[in-house]
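Read through the structure below, which is laid out as structure tokens, and then see the notes.
So that the names make sense, note that chain A is the first sequence line, chain B the second, and so on, each numbered from 1.
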2 protein chains.
Amino acid sequence: MPDPSPIPRLKPGRRSENRRENQRLILAAAEKVFAEAGFGGATMQLIADMAGLPKANLHYYFATKEELYRRVVQDIFEIWLHAADSFDAAPDPASGIGAYIDAKMEISRRHPAGSKVWASEVMHGAPVIQDYLETTLREWTGGRAALIQGWIDAGKMDPIDPQHLLYMLWATTQHYADFGHQIETLNGGAPLTEAQWQAAKASVKQIILRGIGALPGA
Amino acid sequence: MPDPSPIPRLKPGRRSENRRENQRLILAAAEKVFAEAGFGGATMQLIADMAGLPKANLHYYFATKEELYRRVVQDIFEIWLHAADSFDAAPDPASGIGAYIDAKMEISRRHPAGSKVWASEVMHGAPVIQDYLETTLREWTGGRAALIQGWIDAGKMDPIDPQHLLYMLWATTQHYADFGHQIETLNGGAPLTEAQWQAAKASVKQIILRGIGALPGA
DNA sequence: TCTTTTCCTGACCGTATGGTCAGGGTGCAG
DNA sequence: CTGCACCCTGACCATACGGTCAGGAAAAGA
């Protein structure tokens, strides 16, 4: 036998490999379509076309439109949460919040569709991720608020309501994704250049960090 | 003749009066439904039910769903623009921008549905109000940016890119409408109280005005 | 090889939606 | 009072949607 085959079930097989690939294709297409048309405006046919698969195949992997949508939103939420790693273990507000702004701006730039889906979901009353808001997000928010309060107590920044500061961080950074089309239009119809993105990040960081008294100079 | 009838067509009549009232009902219901379900998810039947009118009556006043939607978005845009009056004729950034923040926060509080419809429209690529973005909004933005630049040149505030400052103002104030559900959930499921709204306004103003160096103290 | 399991899809179905229309009602001018 | 123009709406229609399913293809296991 020329084939020793040391481990029988070694190769994952084209089977599960193809399965993952198809799911990836569907989820990517779904994210785009949901972002562009909203849940109600999105159609399974459109998602199927964009993924290059027959519609019935979508229903093989995802039983219903809602299930597919839920997966998309959950995936976004995961990315969202990981962005907060920049927050932790920072010695002071300037570095912690600064890094968080950078991370969230980068996500707005790289995953604008995801941000839009999230925004749309929340705007419509969070019908499918209400439980996430009440558990994971609430815990996350409480933790960061406590962290910020610690900085305030330590005299590292001005006394600002941590909750409203967090809202401001979310609003400002996500605006560049959610309202990207408006920004692009006001930019003469062209997407922001690399330099403009850097300028945006710098402006946001400057205003907020200075605004909370976390910048040494000035 | 006991009736002098100084002006023949004086009384507007119940006719046009009822017409206006019905249109108002429909537009109010449409704003709510479009905000809650998005354009694609909204149905004429739902709007009709909420307005207390038969569906066919909607089509008497507004030929198509798109036409009704367009009217809703246009009305919001008008309110949006009027809010900027606070901006003009202000001697310095603190009062001008401060008043603008107050005005926009108040709109977010009073017209959350309108804000959501606008956000949704822009997020989906502004299919029906693209021309507004390219004309009215672009002019408005250019004017305010010049005004801010004037303040900067006069040394009344730090050198901040006016464009990004405007984005920040929009993002932050509208967040309280667009993400009101998320904020409410993080607030223990209860809407913000009067005091909390005041705190929100104060926080936003403090961070931004201090952040751009427009606050005398500190 | 044969069997079993998983994967895939064209064709189909019930439903709900945006929109239409004929016909009846109603305020108002003359 | 009469005629007319505007107003209103129940019933209807074509379409498009989410979802189903029978049956074939292909890989995995024996």
inquiry  = Applying side-chain hydrogen bond (donor to acceptor under 3.5 Å, both in side chains) to A:Glu194 and A:Gln198, what does each step give before you reach the verdict?
reply    = CA-CA 6 Å; A:Glu194 172 66 28; A:Gln198 295 307 325; 2.8 Å; yes
request  = Show the numbers, then the answer: is there a salt bridge (Lys or Arg N to Asp or Glu O under 4.0 Å) between B:Arg144 and B:Asp88?
outcome  = CA-CA 8 Å; B:Arg144 311 304 146 146; B:Asp88 303 329; 2.4 Å; yes
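A close approach under 4.0 Å does occur between a side-chain nitrogen or oxygen of A:Asn22 and OP1 or OP2 of C:dC8. Using a 4.0 Å cut-off, some side-chain N or O of A:Asn18 falls inside it from OP1 or OP2 of C:dC8.
Using a 4.0 Å cut-off on heavy atoms, the residues of residues 57-70 of chain B that approach DNA chain D are B:Asn57, B:Tyr60, B:Tyr61, listed by number. For the segment residues 24-42 of chain A, residues with any heavy atom less than 4.0 angstrom from an atom of DNA chain D are, sorted by number, A:Ala42.
Distance CZ (B:Arg20) to P (D:dC6): 16 Å, rounded to an integer number of Å. With rounding to whole Å, A:Gln45 atom CD is found 14 Å from D:dT15 atom C1'. Between the P atom of C:dG19 and the CD1 atom of B:Ile47 lies a distance of 11 Å, rounded to the nearest Å. When rounded to the nearest whole Å, the span between CZ of B:Arg19 and P of D:dC6 equals 10 Å.
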Donor-acceptor list for residues 30-42 of chain B side chains, cut-off 3.5 Å, not counting sequence neighbours:
none

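Over its length, the helix from C:dT1-D:dA30 to C:dG30-D:dC1 turns its helix axis by 10°, as judged from the five terminal pairs at each end, rounded to 10°.
In this structure, B:Ser108 contributes its side chain and B:Thr173 its backbone to a donor-acceptor pair below 3.5 Å. Listed for the B:Ser203 side chain is a donor-acceptor partner under 3.5 Å among the backbone atoms of B:Ala199. With B:Arg138 contributing its side chain and A:Thr185 its backbone, the two residues share a donor-acceptor pair below 3.5 Å. Between the side chain of A:Glu121 and the backbone N or O of A:Val128 there is at least one donor-acceptor pair closer than 3.5 Å. In this structure, the side chain of B:Gln196 engages the main chain of B:Thr193 through a donor-acceptor pair within 3.5 Å.
If you check the side chains of A:Tyr132 and A:Gln74, you find a donor sitting under 3.5 Å from an acceptor.
Checked against side-chain hydrogen bond (donor to acceptor under 3.5 Å, both in side chains), A:Ser95 has the following partners two or more places apart in sequence or in another chain: A:Asp92.
Here the side chain of A:Met44 is nearest to one of D:dG18, D:dG10, C:dG10, namely D:dG18. Distances were taken from every side-chain heavy atom of B:Thr43 (C-beta onward) to each of C:dT17, C:dC21, C:dT9; the shortest belongs to C:dT17.
The CG atom of B:Leu186 lies 12.0 Å from the CZ atom of B:Phe179; values are rounded to the nearest 0.5 Å.
Note: B:Phe77 and B:Trp118 have parallel aromatic rings, judged against thresholds of 30 and 60 degrees for the angle between ring planes.
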Detail all sub-3.5 Å separations between protein N/O atoms and N/O atoms belonging to nucleotides 12-14 of chain D.
none

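Looking at every heavy atom in both residues, B:His181 comes nearest to A:Val122 through CB-O, 3.8 Å.
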